[in-house]
Every structure is written in C-alpha cells, then in structure tokens.
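These numbers come from the heavy atoms of this one structure, side chains and all, not from hydrogens, waters or symmetry mates.
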Amino acid sequence: MELTNKNAAFLGDSITCGFGASDNEHVYHQLIKKEYKLNNVYNLGVCGSRIAKQYVKSANEEFDETFLERAQKIPDDADMVIVFGGTNDYGHGDAPLGQFSDRTVDTFYGACHVLMGYLSERFVGRPVIFMTPLHRTGEDAKMVNGIKTEHPLKTYVDIIKQVAEYYSIPVLDLFGESGMQPNLESHNKYFFIDGLHLNDKGHERLAYILGKYLERL
C-alpha cells in the first residue's frame, strides 16, 4: 500500500496516546509519519480506554469512552484506520467476554463486532487494520490491578482475531510476532518502561513492524 501523503487515524489506548515515549516525536505513529511521509496522523489514543463498555465508572470519564464512541470522531478524510486495543479490557475492564453472537458494546465479543462492523461500513474501500495487544507482565494473572479476571490476555487476543476474520479485516498479530516479551527481563528493560508501556526503543520496534505490514497490504 502506498503511504506517502495519506491521512492515517490511530485509535487506541495509552500506547497510542504516547505514554512511555520520551516525547511525541518518538511515538510509533509519528515515526511512521516521518518514515513514510504521511500527510496527517490523527491520534485518537486515550490512556486507560477499552473496547468494551465499563460498568464501574472511572474517576476520569474520558477513560470510559468506548473505542466505538471515539471511532465516530475519526475525520472523514482518513485514508486508513489502525486500531490498537484490548489490553485494558483484560487489565482493568469489567465487561464480560460474552459470545460470538453478541452485537452490543456490553461484552468484549459484542464490542469487537460493533466496532469492526462500524469501521468496515464507514470506511468501505479504505484499509481498516487491527493490531492485537502486545505481551505484558501479569498476562496470565487471576487478579490484575485489583480486578478479578478469569481469562488470560491471550483469550482477548484470540477474540480480536476471530471477529476480525468474520469482517475480513487484516490483523497484525503483535502478541505472536512483535519480538517483544516483557516477561523476559532483558526484553522488559530494553523495550518497556513497566512491563506494559513501550519506551522509545519499543515504539521504534512497533513502528518498524507496522510500517512493513502496511507496505504489504
């Protein structure tokens, strides 16, 4: 896919927002903008945000705005949309997983369906790409940030891939192919600031992987 002079919208959470990078210029989408000479990059990343609905409200209402609500704010001139989320649904979301037949934001399955369906309809003819969550420390925990979870992070990864297949949406599997595993001490120190958020080297790695993936589409 030709990227030069294109407008790209990035819908995500704290990593997309830029938390962990030394400054905005070192966030992965800004590195891609510079490398591939994109025209505009629309950053719709919000720290702590989730794909599915949050039942117990956060102190900051912005954190509880679902990906679908922010997707509706994507500018109409976006030539492509890249979605990167799901780790917060695992880490501190309280929506149930639900089942594949769900079609509301009340469950993770349903929220993935609604979001992917909306983006596929609205941006028909333009690339919509999803990225799975990265590995994180505590990804198999029964309790994450005080929230009980019955499912490991990989369950959320698999749901994103399953629903994306239904809509024929391409998925960049960062969980399986990023080369960044913070449960290895050397990787955690090299790519991450806290076992979850990327440092500058991590953003560089993500930008390289995503850039090459977009080139192949």
Side-chain angles (χ1 to χ4, degrees), residues 1-51 62 65-88 112 115-134 160-161 164 167-180 190-193 196-217:
M1 177 171 63
E2 176 58 48
L3 300 175
T4 303
N5 294 325
K6 296 293 181 64
N7 299 322
F10 290 81
L11 178 62
D13 48 40
S14 53
I15 297 176
T16 298
C17 185
F19 186 85
S22 59
D23 56 43
N24 185 60
E25 297 305 311
H26 287 87
V27 180
Y28 73 93
H29 43 70
Q30 298 301 318
L31 296 173
I32 288 176
K33 179 182 180 181
K34 181 178 180 180
E35 175 68 20
Y36 292 96
K37 298 179 174 59
L38 295 177
N39 184 35
N40 288 309
V41 162
Y42 303 121
N43 184 354
L44 291 98
V46 172
C47 293
S49 62
R50 293 157 291 265
I51 294 174
E62 186 181 24
E65 188 177 52
T66 65
F67 273 41
L68 176 64
E69 291 173 284
R70 271 184 292 120
Q72 295 168 8
K73 301 176 183 178
I74 296 174
D76 291 333
D77 67 350
D79 296 303
M80 67 193 77
V81 179
I82 296 95
V83 183
F84 185 22
T87 195
N88 289 329
C112 286
L115 176 61
M116 292 183 191
Y118 170 79
L119 291 173
S120 295
E121 291 274 14
R122 182 179 168 195
F123 294 99
V124 60
R126 287 173 276 180
V128 173
I129 300 100
F130 272 66
M131 301 194 294
T132 71
L134 294 157
I160 290 171
K161 292 162 70 175
Y167 294 95
S168 196
I169 290 176
V171 176
L172 174 54
D173 186 3
L174 296 176
F175 193 83
E177 302 178 6
S178 73
M180 297 185 285
Y190 192 82
F191 293 115
F192 297 84
I193 64 168
L196 170 61
H197 299 97
L198 299 172
N199 60 21
D200 286 356
K201 290 187 180 297
H203 277 278
E204 288 172 10
R205 175 68 179 169
L206 177 53
Y208 176 80
I209 296 169
L210 178 56
K212 293 301 181 184
Y213 184 81
L214 293 174
E215 284 183 349
R216 295 194 299 270
L217 287 180

**Request:** Any chance you could lay out the side-chain contact (heavy atoms from CB on, under 4.5 Å) test for Leu134 and Thr87, step after step, and finish with the verdict?
**Result:** CA-CA 8 Å; Leu134 294 157; Thr87 195; over 6 Å; no
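- Within the model, atoms CD1 of Ile15 and CG of Leu174 stand 9.0 Å from one another, a figure rounded to the nearest 0.5 Å.
- Every residue two or more places apart in sequence or in another chain was checked for a salt bridge (charged side-chain N to carboxylate O under 4.0 Å, His left out) with Asp23, and none qualifies.
- Closest approach of Ile51 to Gly86, counting heavy atoms only: CD1-N, 3.8 Å.
- Residue pairs meeting the salt bridge (Lys or Arg N to Asp or Glu O under 4.0 Å) criterion with at least one member in residues 24-47, sequence neighbours excluded, do not occur.
- Under the 3.5 Å distance criterion, the side-chain polar atoms of Tyr213 are matched with a main-chain donor or acceptor of Val171.
- A pairwise comparison of heavy atoms in Ile160 and Cys112 identifies CG1-SG, 4.2 Å as the closest pair.
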**Asked** Does the side-chain contact (heavy atoms from CB on, under 4.5 Å) test come out yes or no for Met80 and Leu3, once each step is laid out?
**Response** CA-CA 9 Å; Met80 67 193 77; Leu3 300 175; 3.6 Å; yes
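- Checked against ring-ring contact (aromatic ring centres under 6.0 Å, His included), Phe19 has the following partners two or more places apart in sequence or in another chain: His197.
- Checking each of Asp200, Leu198, Asn199 against Ile193 for a side-chain contact (heavy atoms from CB on, under 4.5 Å) leaves exactly one that passes, namely Asn199.
- Evaluation of the side-chain contact (heavy atoms from CB on, under 4.5 Å) rule for Gln72 yields Leu68, Tyr118 as partners, not counting sequence neighbours.
- Annotation: side chain of Asn43 is in contact with side chain of Thr16 (closest heavy-atom distance under 4.5 Å).
- For Phe10, the ring-ring contact (aromatic ring centres under 6.0 Å, His included) partners two or more places apart in sequence, or in a different chain, are Tyr28, His29.
- Side-chain N or O atoms of Asn7 include one that pairs as donor or acceptor with a backbone N or O of Asp77 at under 3.5 Å.
- Side-chain contact between Val81 and Tyr42 is absent, with no heavy-atom pair separated by less than 4.5 Å.
- The salt bridge (charged side-chain N to carboxylate O under 4.0 Å, His left out) search around Lys161 returns Asp173, not counting sequence neighbours.
- Rounding to the nearest 0.5 angstrom, the gap separating the CD1 atom in Ile74 from the CZ atom in Phe123 is 4.5 Å.
- Between the side chain of Thr66 and the main chain of Glu69, a donor-acceptor pair closer than 3.5 Å is present.
- With sequence neighbours left out, Arg126 forms a salt bridge (charged side-chain N to carboxylate O under 4.0 Å, His left out) with no residue at all.
- Pairing each heavy atom of Pro170 with each of Val128, the nearest pair is CD-O, 3.4 Å.
- Applying the salt bridge (charged side-chain N to carboxylate O under 4.0 Å, His left out) rule to Lys73 yields the partners Glu65; only residues at least two apart in sequence or on another chain are considered.
- For the atom pair Leu115 CG and Ile169 CD1, the distance stands at 8.0 Å (nearest 0.5 Å).
- Every residue two or more places apart in sequence or in another chain that forms a side-chain contact (heavy atoms from CB on, under 4.5 Å) with Asn88 is listed here: Asp13, Arg50, His92.
- The ring-ring contact (aromatic ring centres under 6.0 Å, His included) check on Phe191 picks up His187, with sequence neighbours excluded.
- The shortest heavy-atom contact between Phe67 and Ser49 is CE1-OG, 3.4 Å.
- Within the model, atoms CE of Met1 and NZ of Lys6 stand 6.5 Å from one another, a figure rounded to the nearest 0.5 Å.
- In this structure, CD in Glu2 is found 11.0 Å from CG in Asp79, a value given to the nearest 0.5 Å.
- Sequence neighbours left out, the pairs with a member in residues 208-217 that pass salt bridge (Lys or Arg N to Asp or Glu O under 4.0 Å) are Lys212-Glu215.
- Nearest approach of Ala9 to Ala78, heavy atoms of both residues: CB-CB, 4.1 Å.
- Rounded to the nearest 0.5 angstrom, Asn5 CG and Asn39 CG are separated by 6.0 Å.
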Report all side-chain donor-acceptor pairs from residues 204-211 shorter than 3.5 Å, counting only partners two or more places apart or in another chain.
unit_1 : atom_1 : unit_2 : atom_2 : d
Arg205 : NE     : Ser178 : O      : 2.9
Arg205 : NH2    : Ser178 : O      : 3.3

